[in-house]
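For reference, the structure discussed in these notes is given below.
This one's a predicted model, so the numbers in the text were calculated from it and none came from an experiment. Order of the sequence lines sets the chain letters (A, B, ...), proteins ahead of strands, with each chain counted from 1.
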Protein chains: 2
Amino acid sequence: MPTYGQFCPVAKTSELLCERWMPLVLRELMCGSARFGEIQRGVPLISPGLLTKRLRQLVLAGVAERTANGRDITYALTPAGWELYPIIEAMGVWGQRWARSRYGVDELDPSLLMWDMRRMLVPAGLAERPTVVEFRIRGGPPRKTRYWLVVEENAIDLCLVDPQRDVDLCVEAELRALTEVWMGDRTMAEAVADGTISLLGPPGLASRFPVWLGCHPVLGGVPSAVPT
Amino acid sequence: MPTYGQFCPVAKTSELLCERWMPLVLRELMCGSARFGEIQRGVPLISPGLLTKRLRQLVLAGVAERTANGRDITYALTPAGWELYPIIEAMGVWGQRWARSRYGVDELDPSLLMWDMRRMLVPAGLAERPTVVEFRIRGGPPRKTRYWLVVEENAIDLCLVDPQRDVDLCVEAELRALTEVWMGDRTMAEAVADGTISLLGPPGLASRFPVWLGCHPVLGGVPSAVPT
DNA sequence: CTGCATCCACTTTGATACTG
DNA sequence: CAGTATCAAAGTGGATGCAG
């Protein structure tokens with residue numbers, strides 16, 4: 001690991017934080033991922049070897065802890081790690097205000113989006129009774145058009161294949177529109193109004209859906225500073 | 001420049017901010033450096049070519065502006081650039097709390113320290129009449145033992161050679177002690193008490209000196225979280 | 001001296017395949 | 001699932017050169 005050779009605390013923090021992928025790995029840990037595979041799902045383009053290395057660096061820096069229960073290995077932030085939250089949050093805010101000028105086509109990824117949304121639904125405590133929400137996504141890769149969120153009392157699952165259960169609500173959406181709603185760039189109502197998203201199901205469920213969905217965890221509805 | 005291929009704003013900000021040296025270049029711009037050479041003095045280990053590249057990236061990202069008046073080229077942050085301040089500040093705070101466990105010998109650099117302090121004295125509006133403060137630094141590299149701050153009404157100069165003027169105050173200090181006081185790890189009074197720093201000059205001037213000196217700009221006296 | 005551009009050795013990263 | 005191994009590609013550091 002390279003250093004900056006300066007006593008400045010900004011340099012010290014940079015040595016840890018400003019290596020490639022590091023903020024995204026931390027974002028995953030802060031958003032509740034604990035396992036290697038969970039982190040990898042949130043940062044799909046990182047190579048396994050590099051993720052291993054980054055996690056080791058975090059442990060070495062006293063920012064994360066690795067716990068092995070048999071073959072069940074989990075990672076968790078230490079207090080020092082949680083104090084990095086303001087930095088990651090500030091990075092999210094800045095990106096939201098200044099860098100969201102049209103997501104490139106390559107960056108619109110249905111799997112990542114669904115995994116992101118699944119994560120947010122957990123704290124939201126979605127349903128009293130089991131609920132199945134189907135997503136049909138247009139305008140994305142042909143292999144990634146259908147997802148199911150199966151919400152039960154204590155668990156929530158993202159399925160990539162039909163779980164063969166009754167669907168309570170079906171969300172038909174353009175990938176771009178769903179991403180923009182998730183990122184807080186547009187409201188669900190706008191997207192429904194112009195037809196880029198449709199909510200098919202009982203009116204009660206459909207109207208509560210946007211509330212469930214919430215939006216991206218580290219962004220508290222941060223407004224954009226650039227005209228859209 | 002590599003990207004992360006994610007629509008997450010944290011990823012977007014990382015693409016800009018989490019390249020090597022970038023936070024330090026931004027720190028320099030935020031602390032008032034405007035010229036290539038000034039930035040380089042604050043980040044002495046970056047190579048000129050890489051600094052050029054980083055500055056171009058900042059301009060391209062709309063975070064800095066390059067202004068050429070004849071051969072006088074200056075850089076300044078745009079509004080988008082200034083909004084990165086909370087991130088850099090939070091990085092400084094975290095480093096101050098968690099990463100200052102003993103500066104390595106290699107990181108104690110008298111020139112960098114003096115350049116840092118000179119920068120801080122400008123906003124402090126040091127003196128009514130011209131004042132010369134001499135620094136004699138022990139425990140550092142043999143070539144970097146003497147510095148002079150020449151403070152005049154509108155200008156403040158850091159001299160590496162004797163300016164041949166009457167010295168109003170002489171600061172004799174261990175490099176480590178002066179660095180620690182500057183970083184807010186210790187108070188000047190403590191260092192004076194244990195003899196690692198001596199202030200030689202008229203009592204009035206000597207007593208006002210710690211106030212002039214202030215401490216590191218992005219650190220508002222942030223306390224350490226690790227026992228020293 | 002400032003503000004770069006270029007070249008080359010070295011390190012880090014990416015992509016893929018493989019293991020307990 | 002949680003990594004390890006491998007090798008090509010890309011990024012970085014450092015020296016040098018050069019024009020104004």
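- Atom P of nucleotide D/dG20 and atom CZ of B/Arg35 are separated by 20 Å, given to the nearest angstrom.
- Between D/dG3 and A/Arg54, no contact under 4.0 Å exists linking OP1 or OP2 to a side-chain N or O.
- One interatomic measurement links the two molecules: CD of B/Glu19 to C1' of C/dT12, which rounds to 13 Å at whole-angstrom precision.
- At a threshold of 4.0 angstrom between heavy atoms, the contacts of A/Gly49 include nucleobase atoms, whether or not backbone atoms are also involved.
- A straight line from CD1 of A/Ile46 to C1' of C/dT16 spans 16 Å, rounded to a whole angstrom.
- Candidate nucleotides D/dA2, D/dT4, C/dC4 were compared by shortest atom distance to the side chain of A/Ile73, and D/dA2 ranks first.
- At least one side-chain nitrogen or oxygen of A/Lys53 sits closer than 4.0 Å to the OP1 or OP2 atom of C/dT13.
- In terms of phosphate contacts, B/Tyr75 brings no side-chain nitrogen or oxygen within less than 4.0 Å of OP1 or OP2 of C/dT2.
- One interatomic measurement links the two molecules: CZ of B/Phe36 to P of C/dA5, which rounds to 9 Å at whole-angstrom precision.
- Residue B/Gln40 contributes atom CD, which lies 9 Å from atom C1' of C/dT2 at whole-angstrom precision.
- A salt bridge between B/Glu152 and B/Arg165 is present, with a side-chain N of the basic residue lying under 4.0 Å from a carboxylate O of the acidic one.
- Per the geometry, CG belonging to B/Leu50 stands 18 Å off P belonging to D/dA10, to the nearest Å.
- A/Met91 is not listed as a side-chain neighbour of B/Pro9, based on a closest heavy-atom distance of 4.5 Å or more.
- Of the residues listed (A/Arg143, A/Arg41, A/Lys144), the one engaging A/Asp109 in a salt bridge (charged side-chain N to carboxylate O under 4.0 Å, His left out) is A/Lys144, and it is the only one.
- A sub-4.0 Å separation between OP1 or OP2 of D/dG3 and a side-chain N or O of A/Arg56 is absent.
- Remark: B/Trp21 is not in phosphate contact with D/dT12, judged by side-chain N or O atoms under 4.0 Å from OP1 or OP2.
- C/dT16 atom P lies 17 Å from atom CG of A/Leu51, rounded to whole Å.
- A ring-centre distance under 6.0 Å is not found for A/Trp182 and B/Phe7.
- To the nearest angstrom, P of C/dG3 lies 9 Å from CZ of B/Arg66.
- For B/Arg20, taking side-chain heavy atoms from C-beta onward, the closest of the listed nucleotides D/dG3, C/dG3, D/dG13 is D/dG13.
- B/Tyr147 and B/Ser111 share a side-chain donor-acceptor pair at under 3.5 Å.
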